[in-house]
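Everything below concerns the one structure shown next.
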Amino acid sequence: MSSTQETTLEIDLKALTHNYKHLKSRLQPKTKFLAVVKAFAYGSDATEIAKHLQDLEVDYFAVAYINEGIALRDAGITKPILVLHPLPINFKTLIERCLEPSIYSLKILKEFIAIATKEKQQNYPIHIKFNTGLNRLGFNAEEIDEVITLLKNNTAIKVTSIFSHLAASEDLNEKEFSLNQINQFKAIAEIFTKKIGYQPTLHMCNTSGILNYPEAHFDMVRSGIGLYGFGNSEKENLNFKPISTLKSIISQIHTISKGESLGYNRAFIATQTTKTATIPIGHADGIGRQYGNAVGFVFINNKKAPIVGNVCMDMIMVDVTNIDCKEGDEVIIFDAEDHTAEKLANAANSISYELLTCVSQRVKRVFHR
Ligand SMILES: *Cc1c(COP(=O)(O)O)cnc(C)c1O
């Protein structure tokens, strides 16, 4: 019998160490490292991952929302935590838990100054985000003067860093666009630093930025996907080890005759005698409906078994007509070797980021240390 007895996400912390060390080897020794652990550390486990990275002495963490930062503080993470997308309703809690906000608009800046002042803060660390082309969050260069005036008129807050985010760092066809973003950021940083009168930390690169634009590492880099084992290109993937393996088992095998249907809405009709395996993982576990009807696949005894019919909430059925297998056998949804999350995601026009972050919290986590 296989050692896997239920749907399990195995997380290899040695692979995490490997990926961290590889990313560090691509940096100048003085460049700081911020580990992005938003979305449960890309669907793995934020607290275990952050603890491991804290032991490896990363300099900074980032999460998207304030509640993710609170969970890290509750788990004993003491390093600084940048909150990339804080919302004013939680600013008081953010200050109480020593989380550091990304400030991306005049509205947010004014609201944060008001709360930091009311909470009697001095030099509370904030990070100013500039938009250089992603057009998602951030100040535009024209707003610098207004930002500086607001900052100079109070002592409750202090700018720890200024940063921006690349829109297409993994796409070398967009190199000109990326270089333009980098130049814009350099110009903004120079003006801002001169006007504010002290030198904040500068950072711009995500994982693909680290790999493709060494000239844009500045004082710190922010890596997520690389830590979890993907370099966003075939060549760079060779330098990384995926940390997660998603496994399950065959619950039941059915043999259906020509003309019979399988699953909800009778989406699959057998054109010949077909052997199917039912697996306890569905869209509520992270296998979206787009993987149904032969788009997605799993591996059983190292053979590829396409998903047949619609993905159910708690189950998928796969075609095992030509696979020697039995109830209780192990099923690989993705692993760190040939059957990566990236390949499965790409089959459904998705990306590793989405498939990884979709693995739901009800899936059991097991850590290999
Ligand atoms: C998510 C995120 C990152 C990490 O990007 P990766 O491609 O996973 O390395 C970095 N910076 C910001 C602002 C982000 O939102």
Side-chain angles (χ1 to χ4, degrees), residues 16 19-20 22-24 26-27 31-44 46 49-50 53 58-66 68-69 72 80-87 99-105 108 126-139 160-172 174 178 181-182 185 188 201-214 216-233 236-237 239-244 340-342 345 350-358:
L16 179 62
N19 297 330
Y20 171 66
H22 179 71
L23 286 160
K24 285 285 279 185
R26 306 283 287 260
L27 307 178
T31 309
K32 288 189 190 158
F33 193 100
L34 177 152
V36 180
V37 292
K38 63 193 178 191
F40 299 105
Y42 289 41
S44 57
I49 297 290
L53 290 168
V58 302
D59 301 286
Y60 246 91
F61 288 106
V63 291
Y65 305 127
I66 292 170
E68 297 180 299
L72 293 184
I81 301 173
L82 164 60
V83 181
L84 294 165
H85 199 167
L87 294 169
L99 305 170
E100 304 180 3
S102 159
I103 300 292
Y104 49 85
S105 72
I108 297 282
I126 65 164
H127 303 257
I128 301 282
K129 172 92 177 271
F130 281 98
N131 172 29
T132 53
L134 185 58
N135 292 325
R136 190 173 71 173
L137 285 182
F139 292 101
T160 291
S161 85
I162 62 181
F163 72 111
S164 189
H165 194 34
L166 293 165
S169 57
E170 72 280 20
D171 184 355
L172 293 176
E174 293 289 359
S178 299
Q181 282 196 279
I182 293 164
F185 181 63
I188 288 168
T201 298
L202 307 182
H203 49 111
M204 183 163 209
C205 283
N206 64 341
T207 300
S208 291
I210 295 170
L211 305 175
N212 293 331
Y213 298 97
H217 289 178
F218 298 102
D219 305 313
M220 182 161 81
V221 295
R222 307 184 301 268
S223 178
I225 199 76
L227 288 171
Y228 309 113
F230 295 92
N232 290 340
S233 78
E236 290 293 354
N237 281 345
N239 295 315
F240 294 92
K241 287 187 192 156
I243 68 163
S244 297
T340 63
E342 185 168 69
S350 181
I351 54 174
S352 59
Y353 296 76
E354 185 184 37
L355 182 57
L356 293 173
T357 55
C358 279

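Predicted model only: the values in this text are computed from it and were never measured. Both ligands and their constituent atoms are indexed starting at 1 by order of listing. Heads up: numbering here begins at 1 and tracks the sequence.
Every residue two or more places apart in sequence or in another chain that forms a side chain to side chain donor-acceptor pair (under 3.5 Å) with His127 is listed here: Glu100, Ser161.
Side-chain contact annotation: Arg222 with His165, donor-acceptor N/O pair under 3.5 Å present.
Using the six-membered ring where Trp is involved, Phe33 and Tyr20 have ring planes that are perpendicular, over 60° apart on the 30 and 60° scheme. Aromatic ring orientation, His85 versus Tyr104: perpendicular (interplanar angle above 60°, classes split at 30° and 60°).
Under the 4.5 Å side-chain criterion, counting only non-hydrogen atoms from C-beta, Leu134 is not in contact with Leu166. You'll find the side chain of Thr207 reaches within 4.5 Å of the side chain of Ser223, heavy atoms only.
Within 4.0 Å of ligand 1, counting heavy atoms only, the contacting residues are Val36, Lys38, Tyr42, Leu84, Arg136, His165, Asn206, Thr207, Arg222, Ser223, Gly224, Ile225, Tyr353.
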